[in-house]
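Throughout, numbering of the chain's residues begins at 1 and tracks the sequence.
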Amino acid sequence: LHVEPHCAPPARSPRTMSSAVMMASATSAAAAVRAPTARASRSTPTASASRHAPILPPRGACNASSAATASSIGAATASAISIAARPATSSGLRHRRQRFSDAAAPSPSSMVPSAAAAASDGAVATEDSGENAAIINTIKAIFGAGGFALPWAFAQGGTVLVSVCLAASCVLALEALKMLVKAQETLVIGKLATQMQVGTYAGLTKQAIGPIGDVLCKVLNVVTCFGISVGYLIFISDTALSMLPKAMAVGMTTNNMIVYVTPFMLMLSWLRSFKGVNLISLLGTVSVTLGMIWVMIVALSNPLQIAAIPIANPSAFSGFFGTVAFLFFIHFTLFPIQEAMPNPKRFVPAVSKAFYLAMFVGGFFGIVGAWGFGPGVKSVVITMLDGGAGLAVKMLLCINLLFTFPIMARSCLVILEDAAKGKADEISTPLSLLIRSAFVVGAATLASVVPNFGVVLGLVGGVCCCAMTLVLPPVILLKSLQKARLPIKTAEFGKIGFVLAVGTVCMVLSVVL
């Protein structure tokens with residue numbers, strides 16, 4: 001008979017005791033220890049466990065409409081999916097229990113403290129909260145290929161006006177993020193939804209606003225992904241055109257390059273497997289970083305045209321605001337980062353640090369690029385780089401955008417396929433290919449009509465991203481507080497109304513001006 005180490009060992013017997021007596025003694029000791037345990041396990045209610053289970057989703061779960069939309073045009077989607085794939089940790093589940101604890105009565109076994117539990121709690125106090133990783137991944141989500149339109153935005157709107165809009169967008173985006181987090185807590189603590197149900201942007205919108213919120217979120221998702229796809233085509237075509245030798249570039253236009261790029265994107269849209277996402281994310285991060293550094297080096301080597309750049313040009317608001325919005329209006333990509341953190345309470349502080357750092361870096365990059373390249377800076381500033389280093393950076397960026405396109409567009413394509421299949425369990429392959437092909441062809445057609453990367457960013461960022469970042473979060477928080485029947489303080493109600501009003505005005509100005 002083998003006695004487990006944690007069980008009480010049998011009493012020492014004299015050497016003259018027979019082996020049969022020793023075995024009987026060990027058997028009775030083990031039975032004495034196991035009996036209370038068995039009784040306790042039989043008396044433990046299962047209702048408490050079943051109530052807690054929905055609140056603790058698998059750490060790697062990620063809704064398609066939030067993780068795949070991902071991206072400030074570039075590395076954001078890949079980084080979000082790679083984050084969501086991280087394995088669960090026991091400490092993360094422990095923090096989630098502490099944050100969204102249920103009111104169910106504890107089981108008898110949970111009321112008995114143990115040395116192991118004490119040691120585990122001590123480990124929680126010293127382990128990494130995941131804040132550093134969250135900061136890095138948020139910065140990756142902010143600086144995609146859309147950041148290369150910042151010099152153009154500063155040249156259009158003026159150094160002071162665009163800087164003020166950049167700072168205001170950062171602050172308002174953080175306030176909106178705090179509203180989303182509070183709405184999550186309100187619904188979960190009030191037992192109106194589980195943490196899994198509000199763990200994505202689309203899920204939170206549905207639980208707070210209802211079915212109409214779910215439909216609205218899906219429509220904005222599709223429009224945003226479609227606009228980003230148009231931006232991808234223009235960016236890749238412009239960059240590829242600038243890479244051609246002068247002899248070959250004669251007579252070539254952006255529209256010609258769009259025709260050549262579209263078949264590649266068409267085939268990539270048919271992919272359903274996304275192996276190698278981490279490698280693509282790394283490639284995107286390296287290419288964007290090298291590109292921004294090289295742009296600033298080249299810009300500073302040119303004679304600075306400070307006087308040629310306006311201080312403020314409000315009439316260009318519709319052009320530059322969307323580019324600025326693309327940096328910080330990325331809340332639908334941040335939910336997987338929150339889910340991957342061992343201590344979700346550090347989510348807002350981590351994102352705040354990343355946003356403020358990105359604000360200073362983005363402002364410096366935009367002003368330097370505008371002064372260095374002057375009023376004639378292109379909306380894709382990377383196309384103005386020459387030499388071997390510039391060619392290498394351009395090639396990396398084009399490859400990165402091509403292979404992140406199917407990841408970025410996945411959520412939109414899934415929404416369209418779900419709508420097309422109706423009540424059927426699965427969509428047929430021919431219908432799926434038709435939908436995906438029509439999506440790419442439609443994006444290519446629009447890209448040939450509006451062949452300006454900055455204009456596309458202005459419309460998508462100023463309307464769709466603004467709606468999902470500044471308009472919906474105040475409404476989501478207000479509806480959540482009303483559903484939980486909690487009082488709304490005057491200051492909080494004023495903040496909700498202010499953010500909602502600013503978001504609405506920005507959307508209107510992005511279209512009118």
Distance check, rounded to the nearest 0.5 Å: [X] atom [atom1] versus [Y] atom [atom2]?
X: L172; Y: C506; atom1: CG; atom2: SG; answer: 7.5 Å
X: I139; Y: T289; atom1: CD1; atom2: OG1; answer: 10.0 Å
X: F498; Y: I496; atom1: CZ; atom2: CD1; answer: 13.5 Å
X: L472; Y: I209; atom1: CG; atom2: CD1; answer: 5.5 Å
X: L180; Y: Q184; atom1: CG; atom2: CD; answer: 7.5 Å
X: N137; Y: I142; atom1: CG; atom2: CD1; answer: 11.0 Å

_Keeping K483 on the side-chain end and G190 on the backbone end, is there a donor-acceptor pair under 3.5 Å?_
no

*Sidechain-backbone polar pair: S269 side chain, L266 backbone, donor-acceptor under 3.5 Å*: yes

Taking ring pair (Phe, Tyr, Trp, His ring centres under 6.0 Å) as the definition, give me every residue that meets it alongside [X], ordered by chain and number, with sequence neighbours left out.
X: F355; answer: F328
X: F148; answer: none
X: F329; answer: none

*Using the six-membered ring wherever Trp is involved, compare the ring planes of F317 and F321 and label them parallel, tilted or perpendicular (cut-offs 30° and 60°).*
parallel

*Check step by step if salt bridge (Lys or Arg N to Asp or Glu O under 4.0 Å) holds for E175 and K178.*
CA-CA 5 Å; E175 288 298 325; K178 294 175 184 177; 3.7 Å; yes

Do [X] and [Y] make a side-chain contact, defined as non-hydrogen atoms from C-beta onward lying under 4.5 Å apart?
X: M468; Y: H331; value: no
X: L150; Y: V162; value: no
X: C225; Y: N221; value: yes
X: V463; Y: V223; value: no
X: V475; Y: K479; value: yes
X: I236; Y: T239; value: no
X: L327; Y: L166; value: yes
X: Q195; Y: E339; value: yes

*Residue pairs fulfilling salt bridge (Lys or Arg N to Asp or Glu O under 4.0 Å) with at least one residue in residues 419-443, sequence neighbours excluded*: E417-R436, D418-K421

_Pairs meeting criterion salt bridge (Lys or Arg N to Asp or Glu O under 4.0 Å) with involvement of residues 388-400, two or more places apart_ = none

_According to ring pair (Phe, Tyr, Trp, His ring centres under 6.0 Å), does anything in residues 419-446 pair up with another residue at least two apart or in another chain? List the pairs._
F226-F439

Search all heavy atoms of [X] against all heavy atoms of [Y] and return the closest pair with its distance.
X: K378; Y: W152; result: O-CB, 3.6 Å
X: V377; Y: A155; result: CG1-CB, 3.6 Å
X: M292; Y: F365; result: O-CE1, 3.6 Å
X: Y260; Y: M252; result: CE1-CE, 3.5 Å
X: C165; Y: F320; result: SG-CE1, 3.7 Å

_D238 vs M257, test: side-chain contact (heavy atoms from CB on, under 4.5 Å). Steps then yes/no._
CA-CA 8 Å; D238 280 346; M257 294 305 301; over 6 Å; no

